[in-house]
**Student:** 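Let me give you the structure first, and then I'll get to my questions.
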Amino acid sequence: MHSLTIPPLDLGVRWGDMDAFQHVNNTVYLRWCESARLVFFERTGLLASQRDTGIGPILASIQCRYRAPVVYPDTVQVQTRLVRMGDQDFELHHQIFSQHQGKQVADVQERGVIFDYPRQQKTNFPVDIEQAFRQYLA
């Protein structure tokens, strides 16, 4: 069985994304990954599940390797892969590419945990969400 792919996300760089050092601020790269992560959660039903059950994702850690600065105007593409799943956690890998530069500008690893918000503790994947995630496992 072939795994499903997560479609790349294209995002425009805004003038306000730049900082005093005349390139996109480091935190913006993390927001780009957040946008890609939320698209993935919507595709797998995790956000709908959270609204219905109170069980959803929480970010446990994120690490970004910056490869090149990005400046306005540009469009970046975030390519996301689910690279690992446990009973209660998962890891996503994002690669960010600059259209203007024609190359990768960042590499981001993040770990998320399935969290029971009413009980304030981590928990196992709901069965249907686990199945939806597994379809994307690289």
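All residue numbers refer to positions in the sequence shown, counting from 1.
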**Student:** Looking at Phe40, is its backbone amide N or carbonyl O close enough to the side chain of Thr44 to form a donor-acceptor pair, meaning the two atoms are under 3.5 Å apart?
**Tutor:** yes
**Student:** If we only count heavy atoms from C-beta on, is the Pro118 to Thr53 side-chain gap below 4.5 Å?
**Tutor:** no
**Student:** Tell me whether Ile129 is reachable from Phe115 by hopping between hydrophobic residues (I, L, V, M, F, W, Y) whose side-chain heavy atoms are closer than 4.5 Å.
**Tutor:** no
**Student:** Under 4.0 Å between a Lys/Arg side-chain N and an Asp/Glu carboxylate O for Arg111 and Asp89?
**Tutor:** yes
**Student:** Cluster question for you: counting only ILVMFWY and a side-chain heavy-atom cut-off of under 4.5 Å, with indirect links fine, are Val39 and Phe90 together?
**Tutor:** no
**Student:** Do Gln88 and Asn124 get their side chains close enough for a donor-acceptor pair, meaning under 3.5 Å?
**Tutor:** yes
**Student:** Would you mind listing every ring pair (Phe, Tyr, Trp, His ring centres under 6.0 Å) that reaches into residues 47-67, with sequence neighbours excluded?
**Tutor:** Tyr29-Tyr66
**Student:** Applying the side chain to side chain donor-acceptor pair (under 3.5 Å) test to Asp107, which of Gln95, His93, Arg65 qualifies?
**Tutor:** His93
**Student:** Check each of Val108, Leu59, Leu46 against Arg37 using the side-chain contact (heavy atoms from CB on, under 4.5 Å) test, and report the only one that passes.
**Tutor:** Leu59
**Student:** Using a 3.5 Å cut-off and no angle test, enumerate the donor-acceptor pairs between side-chain atoms of residues 4-18 and protein atoms at least two apart in sequence or in another chain.
**Tutor:**
from  : atom 1 : to    : atom 2 : distance (Å)
Asp10 : OD1    : Gln77 : NE2    : 3.1
Arg14 : NE     : Asp17 : OD1    : 3.2
Arg14 : NH2    : Asp17 : OD1    : 2.8
Asp17 : OD2    : Arg14 : N      : 2.9

**Student:** Cut-off 3.5 Å, side chains only: do Gln79 and His94 have a donor facing an acceptor?
**Tutor:** no
**Student:** Where is the tightest heavy-atom contact between Val76 and Ser98, given as atom of each residue plus distance?
**Tutor:** CG1-CA, 4.5 Å
**Student:** When you measure from the side chain of Gln104 to the backbone N and O of Ala106, does any donor-acceptor pair fall under 3.5 Å?
**Tutor:** yes
**Student:** Tell me, do Trp32 and Val28 make a side-chain contact under 4.5 Å, heavy atoms counted?
**Tutor:** yes
**Student:** Got a sec, which residues hit side-chain contact (heavy atoms from CB on, under 4.5 Å) with Leu47, two or more places apart in sequence or on another chain?
**Tutor:** Leu38, Phe41, Glu42, Gln50, Arg51
**Student:** With the side chain counted from C-beta on, respond yes when Ile114 and Lys122 share a heavy-atom pair under 4.5 Å apart, and no when they do not.
**Tutor:** no
